[in-house]
There are 2 protein chains.
Amino acid sequence: MDSAIALSLSTHCPQCALKNRCLPQHLDATALLRFDAIVQRSRPLRQGAHCFNAGDPFRSIYVVRQGAIKTYSMTEEGEEQVTGFYLAGDCFGFDGIHIQRHTNSAKALERSHLCEIPFEQLEQLCSAIPHLQHYAFQLASHQIVLEQKRMQLMGKRAADARVAYLLLDYIQRATHGNPQGEILLPMSRYDIANYLGLSVETVSRILSRLLAQGIIDLQGRRVKLLSLAGLRAQAHMDTAAPVRLLFPG
Amino acid sequence: MDSAIALSLSTHCPQCALKNRCLPQHLDATALLRFDAIVQRSRPLRQGAHCFNAGDPFRSIYVVRQGAIKTYSMTEEGEEQVTGFYLAGDCFGFDGIHIQRHTNSAKALERSHLCEIPFEQLEQLCSAIPHLQHYAFQLASHQIVLEQKRMQLMGKRAADARVAYLLLDYIQRATHGNPQGEILLPMSRYDIANYLGLSVETVSRILSRLLAQGIIDLQGRRVKLLSLAGLRAQAHMDTAAPVRLLFPG
DNA sequence: CGGGGGGTTGATAATGCTCAATATCGGTGG
DNA sequence: CCACCGATATTGAGCATTATCAACCCCCCG
């Protein structure tokens, strides 16, 4: 399975299985080659290794070719705050553009292959290829939209909805909308809790409840979705903001 | 005061008092003129008027010349979620680039003057002026960083710290780091609560407490900072989430 | 003068946190 | 191979922060 995926992950963009996920659709062959030429593919990051650390000078943005990355920042008190989980095809590192310095750290949750895209060269290419420039803006915009969605989650949803939403989102991303088989969560309960603004215990309890309700199958980090509808219901369910009937007059 | 500011807000970039806040520093005169040529300055938005609505096709990003804008999105259940408050010099609308359609609505909290920057033309200009392209990426990146900061706030901070942080941030932005005088909050308590993921009552109570503690002076939406140190202490204080480092693995 | 939106305050309840105990798992060394 | 250890995960009990409900005030505006 993993090897099958790996086989189609060529080291060059034109053959890469993910090119439709991390590159604009209608890029002509020449442009694709020029883009491919600036991409750097270093050897894989081992589990726990850092791609970059908060404070590092910003040089590149990154795309996950295989594996899973978590990004996190530190509050002034030195507590970690997980800012995102990135899977194959996902792009991260945009936080660094602003002050030319990363504000997050990025760490491999499992052995991961990345494509590094030096930003200065990308900018040059963007000037020459309007299509690519537009796509780069779209990627940054996507990051913004994702973060706003997450604010909705943290601001308005009860704990169970948050956990359900994360599971739903993760399973869909990891299986490309084919949420049947068993998947392995690469992140710890601590990471999940931190990401959702909850305590580990709460996350654990909610997962146990989802298991008891027959919505998921679960052992450790292995999850299997049993009831998509059930999980969806939990994700939307909002005990924190009850449905309030209003009188028509 | 307001009139004094207004006087220096020319309708054209080269003379605008805010040009150092919304444009890159080292833009040569020609580039500045070319940029100025694409900016549209329509008549002011009256209080409560919308700049755009969620779902509208994306055409432009906007800069606040004067006034205050709030952006908000809707959850699937139809609840509002405030995503940001924007003051003079601030730029908003980046959420729309991703799918060519706004995901937020933007509404004037008070009578506001905006500069509209048609995005297609901006992109063309960016291709020709590398400096401007870089700056546009920086702006988008800044938005990302701001939202990540807010996640820290919602994920890790207790209610009082959130309110204190908002006040601190708002006062500093509204006074340009001269946090002495009295300022007028343009947003309702509901907006503040919604933005921070709290209930109105909680926000009100915490403001009252800050007043009782002599940290701020407060009547309605009029606020005056009395103790910067005190407010800072409240903003950092973190009763809700104990210091707990995530595991190194 | 009445109505409504916005704001404050109080009482009560509950969601989710803290503390604490226990279970599981993976690796490591005897 | 087994014992042991640290890291991770689950579960229980009690409590605190914060939401909810309710009452009230204030001010603006028609």
Side-chain angles (χ1 to χ4, degrees), chain A residues 46-48 70 79-80 109-110 153-164 184-212 216-223 234 237-247 249, chain B residues 47-48 70 79-80 82 109-110 153-164 184-212 216 218-223 234 237-249:
Chain A
R46 70 179 186 290
Q47 183 180 54
K70 96 169 176 192
E79 314 151 68
E80 218 175 286
L109 291 170
E110 59 187 40
L153 202 63
M154 313 235 314
K156 299 212 119 37
R157 296 276 203 255
D160 27 22
R162 294 187 209 182
V163 175
L184 192 66
L185 295 176
M187 73 290 270
S188 71
R189 299 287 193 267
Y190 285 84
D191 286 334
I192 295 177
N194 188 302
Y195 179 77
L196 295 174
L198 299 170
S199 71
V200 209
E201 294 93 331
T202 299
V203 170
S204 186
R205 267 184 259 272
I206 290 169
L207 287 175
S208 299
R209 195 191 313 158
L210 291 174
L211 175 63
I216 57 172
D217 196 2
L218 178 74
Q219 21 186 7
R221 297 191 181 183
R222 249 183 270 282
V223 202
Q234 293 276 333
M237 183 180 92
D238 193 358
T239 56
V243 176
R244 209 179 280 172
L245 295 179
L246 297 177
F247 287 95
Chain B
Q47 183 180 54
K70 97 168 174 191
E79 314 151 69
E80 211 176 292
V82 176
L109 292 171
E110 59 189 38
L153 201 63
M154 316 237 311
K156 299 212 118 39
R157 295 277 205 255
D160 29 21
R162 294 188 210 181
V163 175
L184 192 66
L185 296 176
M187 72 291 268
S188 70
R189 300 287 193 266
Y190 285 83
D191 286 335
I192 296 177
N194 188 303
Y195 179 77
L196 295 174
L198 300 170
S199 71
V200 207
E201 293 93 332
T202 301
V203 170
S204 184
R205 267 184 259 272
I206 290 168
L207 287 175
S208 298
R209 196 189 314 158
L210 290 174
L211 174 63
I216 57 173
L218 178 75
Q219 21 188 8
R221 296 191 180 181
R222 250 185 268 282
V223 202
Q234 292 276 334
M237 184 179 94
D238 191 358
T239 54
V243 175
R244 195 184 282 177
L245 294 182
L246 287 189
F247 299 118

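Computed from a predicted model, the values in this text were never measured in an experiment. We name chains A, B, ... by the order of the sequence lines, and we start the count at 1 in each one.
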- Residues, nucleotides or ligands: over 12 heavy atoms within 6.0 Å of A/Arg221 CZ: yes

- Query: Can you check the A/Lys156 NZ to D/dT18 P distance for me, whole Å?
  - Reply: 16 Å

- Which residues satisfy the side-chain contact (heavy atoms from CB on, under 4.5 Å) test with A/Ala164, sequence neighbours excluded? A/Leu231, A/Gln234, A/Ala235

- Task: Could you check how far CG of A/Leu184 sits from P of C/dG26, rounded to whole Å?
- Result: 11 Å

- Short question: side chain of A/Arg189, backbone of A/Gly220 - any donor-acceptor pair under 3.5 Å? yes

- Task: List the protein contact pattern of nucleotides 6-12 of chain C with one symbol per nucleotide (5' to 3'): B for base contact, S for sugar-phosphate-only contact, - for none; contact means a heavy-atom distance under 4.0 Å.
- Result: SSBBBB-

- Query: For A/Arg222 and A/Leu198, take the nucleotide of DNA chain C holding the closest heavy atom to each; which residue's nucleotide lies nearer the 5' end?
  - Reply: A/Leu198

- Item | Listed partners of B/Gln47 passing side-chain contact (heavy atoms from CB on, under 4.5 Å), at least two apart | none

- Message: If I take atom CE in residue B/Met154 and atom C1' in nucleotide D/dT17, what distance separates them, rounded to the nearest angstrom?
- Response: 16 Å

- Task: Round to the nearest Å and state the distance from A/Asp191 atom CG to D/dA7 atom P.
- Result: 15 Å

- For the helix from C/dC1-D/dG30 to C/dG30-D/dC1, what is the angle between the axes at its two ends, each from 5 pairs, rounded to 10°? 30°

- Query: Are any side-chain N or O atoms of B/Ser204 and backbone N or O atoms of B/Val200, one a donor and one an acceptor, separated by less than 3.5 Å?
  - Reply: no

- Item | Non-neighbouring partners of B/Thr202 that pass side chain to side chain donor-acceptor pair (under 3.5 Å), sequence neighbours left out | B/Ser199

- Roughly how many Å is it from CD1 in A/Ile206 to P in D/dA9, rounded to a whole number? 16 Å

- Item | salt bridge (Lys or Arg N to Asp or Glu O under 4.0 Å) against B/Glu80, all qualifying residues, sequence neighbours excluded | B/Lys70

- For B/Met154, all residues meeting side-chain contact (heavy atoms from CB on, under 4.5 Å), sequence neighbours excluded: A/Met154, B/Arg150

